[in-house]
Amino acid sequence: MTHKGTNVRTISKTPEMTRLVDVITAWQAQIPETIERVSSVAIESLSTAPRTLEARLEEVVFDALNSTSKFAGAGIVSVHPAVLDQSRSLLWWVTQRENGRVEPLPLDADLTELGTYQAGLEDIEWYRVPATTRRPHMTGPFVDYMCTDQFAFTFTVPLEISGDFYGVAGIDMTVRSLEEEIESLLEDVSDEAILLSNNDLVAISLDPRFATGSRLKPAQLESYVLTPVPGTFLSIAAPR
Amino acid sequence: MEDSRTHSSVTAAIYAPIGEKALVSRIRQRLEDAIATGVLAPGDRLPGESALASRFRVSLVTVREALQHLRATDLIYTKQGRGGGSFVAVDSSHAHALLERRIAALSRAEITDLATYYRTIVDGVLRTISAMGLEQNLGAVRETFLRSDPTDGAEARSVQGGLDLRLAGESQSVRLVHEQIRIQNDFGALLWIGLDDPDLRNSIRILNGTMLNEMISGDTDAAIQAREEAVTISLRWLLSRRNDAQRHERENNQQNA
């Protein structure tokens with residue numbers, strides 16, 4: 001990842017900051033490996049037995065969603081004819097907690113009032129960025145009103161078969177799952193610390209002036225020092 | 001003391017009937033509107049009963065009862081067996097008559113109130129997007145909008161609904177999204193009925209483009225103004241349709257008398 005600002009410094013050595021960075025890193029540690037499992041199943045079925053795509057994906061996604069309470073949803077999204085011939089564009093499952101049981105539900109956006117929303121799938125950040133850069137991306141936090149109706153991060157990677165782009169595989173994690181873990185650690189760093197996503201989008205702010213999901217303007221960013229969390233799209237902003 | 005609190009207008013609102021029994025008629029109304037305005041076209045297949053029940057978050061019995069009403073009024077028919085299900089009936093004149101009745105049943109005051117509500121939600125959405133500093137996210141929304149090429153009223157209403165939902169989503173407010181979905185279900189199909197008219201369709205398209213351009217360039221007031229104008233011309237069209245429908249009804253009544 002690249003950093004836009006000039007006010008980025010390397011990891012601060014204070015114990016509070018180190019602890020915070022460690023917890024954030026651990027929070028998303030399972031992401032790369034789990035997405036890799038989902039995408040390799042998708043690639044394998046598409047290349048060998050496309051008819052099995054949905055069933056095989058369902059199996060691997062159920063397993064992933066049941067393995068931890070941190071994932072709110074997972075699957076693949078594609079507008080490639082090879083996928084649409086077999087199935088829907090959104091092969092995505094969301095975690096539903098009912099009667100204390102986790103039950104992954106297929107996301108049936110085709111049947112909802114939101115059906116038309118799909119018309120613009122290719123323009124949405126979590127699809128567009130991996131499609132253009134062919135690299136993993138983290139979108140958000142944004143309100144995931146197609147799935148969870150909560151602020152979530154969506155991690156997506158490109159699905160490629162022999163260099164051709166087929167869509168994205170990804171996982172949703174709620175902001176809440178991170179907030180619960182780091183709120184007090186963030187306080188230890190500063191009473192007005194902010195966790196930023198992609199350098200300017202507010203993920204968690206101790207300063208009530210900034211709502212989750214809002215974007216800090218360059219002038220506002222001037223008054224903060226940013227500490228990037230290595231291997232993530234997140235950084236910690238503390239007032240100068 | 002306790003009595004006066006119990007009878008205050010605020011507490012009265014809390015204890016207002018939830019309207020469980022109205023569920024059947026609300027589901028029926030929503031599907032009727034979709035059929036009447038062509039969002040669901042003749043021959044379209046409805047989702048299965050259990051899928052509908054889970055989408056509407058109601059019981060299977062409620063869905064069945066609503067579908068039964070639609071079947072009884074010949075708006076849908078059911079085929080058994082493989083490839084079966086509920087389908088929208090092919091006779092579109094029936095849907096047209098239905099829409100006229102629906103429009104005529106609303107008072108002018110009800111229609112303008114619904115339009116006020118619709119406008120207020122979108123105003124709030126646009127103001128929130130700019131307060132959050134998220135105007136640039138609308139670039140992708142504009143891409144999608146510009147790529148669409150609706151050739152009839154039903155397609156244009158689908159584009160309009162999609163655009164309004166995307167906008168609500170960009171505000172990052174769950175509650176605004178839910179209100180948008182609700183007003184769209186209650187009133188969207190009717191408000192945008194004027195999109196059947198090619199000239200009006202074109203004007204609205206231009207106003208939508210202006211709204212998006214102004215938002216992206218940071219002039220929220222100009223964007224809101226463009227949106228309000230779009231709602232106003234659609235509303236005017238709807239109200240004149242309503243007058244026609246009522247005149248029609250009066251004439252029919254006189255003939256029958």
Side-chain angles (χ1 to χ4, degrees), chain A residues 79 94 96 98 103 105-129 131-132 139-152 174-176 196-198 200-203 205 209-221, chain B residues 30 34 39-40 45-48 50-56 128-150 154-155 157-178 180-185 188-189:
Chain A
V79 291
V94 291
Q96 275 253 333
E98 251 165 43
E103 200 178 328
L105 278 184
L107 181 62
D108 211 348
D110 297 334
L111 301 182
T112 69
E113 307 87 344
L114 301 175
T116 41
Y117 178 82
Q118 282 184 81
L121 221 45
E122 294 131 287
D123 301 320
I124 300 172
E125 187 180 336
W126 43 254
Y127 192 94
R128 177 174 43 87
V129 176
T132 337
T139 306
F142 66 103
V143 174
D144 191 5
Y145 62 88
M146 280 167 103
C147 311
T148 57
D149 266 357
Q150 285 197 56
F151 272 105
T174 58
V175 171
R176 190 192 175 130
L196 290 177
S197 161
N198 293 308
D200 62 358
L201 204 57
V202 176
S205 172
R209 287 179 301 152
F210 305 119
T212 294
S214 64
R215 199 180 291 286
L216 292 191
K217 299 198 163 54
Q220 293 172 314
L221 279 167
Chain B
R30 200 186 281 181
V39 173
L40 287 172
R45 181 204 188 130
L46 299 184
S50 54
L52 284 174
S54 89
R55 294 311 319 176
F56 289 135
T128 306
I129 291 171
S130 82
M132 302 266 286
L134 300 173
E135 303 92 332
Q136 295 316 312
N137 292 8
L138 299 188
V141 177
R142 182 169 59 183
E143 290 282 311
T144 309
F145 172 72
L146 292 176
R147 237 190 356 249
S148 69
D149 183 21
E155 278 177 28
R157 275 187 287 279
S158 175
V159 168
Q160 187 70 45
L163 172 65
D164 290 353
L165 268 179
R166 280 281 295 273
L167 285 175
E170 294 299 344
S171 77
Q172 308 298 327
S173 162
V174 173
R175 281 163 190 83
L176 281 175
V177 170
H178 284 175
Q180 173 60 42
I181 289 174
R182 196 160 70 148
I183 188 68
Q184 218 171 87
N185 285 331

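Chain naming here is simple, since letters A, B, ... match the order of the sequence lines and numbering starts at 1 in each. Everything numeric in this text was worked out from a predicted model, so none of it was measured.
Take A/Ser205 and apply the side chain to side chain donor-acceptor pair (under 3.5 Å) test, not counting sequence neighbours, and it matches no residue.
Counting heavy atoms from C-beta outward, A/Leu201 and B/Leu134 have side chains that approach closer than 4.5 Å.
Closest heavy-atom contact between B/Gln172 and A/Phe151: O-CZ, 3.5 Å. Contact detail for B/Met132 and A/Ala211: the closest heavy-atom pair is SD-CB, 4.1 Å. Residues B/Asn137 and A/Arg215 approach most closely at OD1-NH2, 3.1 Å, considering heavy atoms.
Not one N or O on the side chain of A/Asp123 forms a donor-acceptor pair closer than 3.5 Å with the backbone of B/Glu143.
If you measure heavy-atom distances from A/Leu216 to chain B, you find no contacts under 4.5 Å at all.
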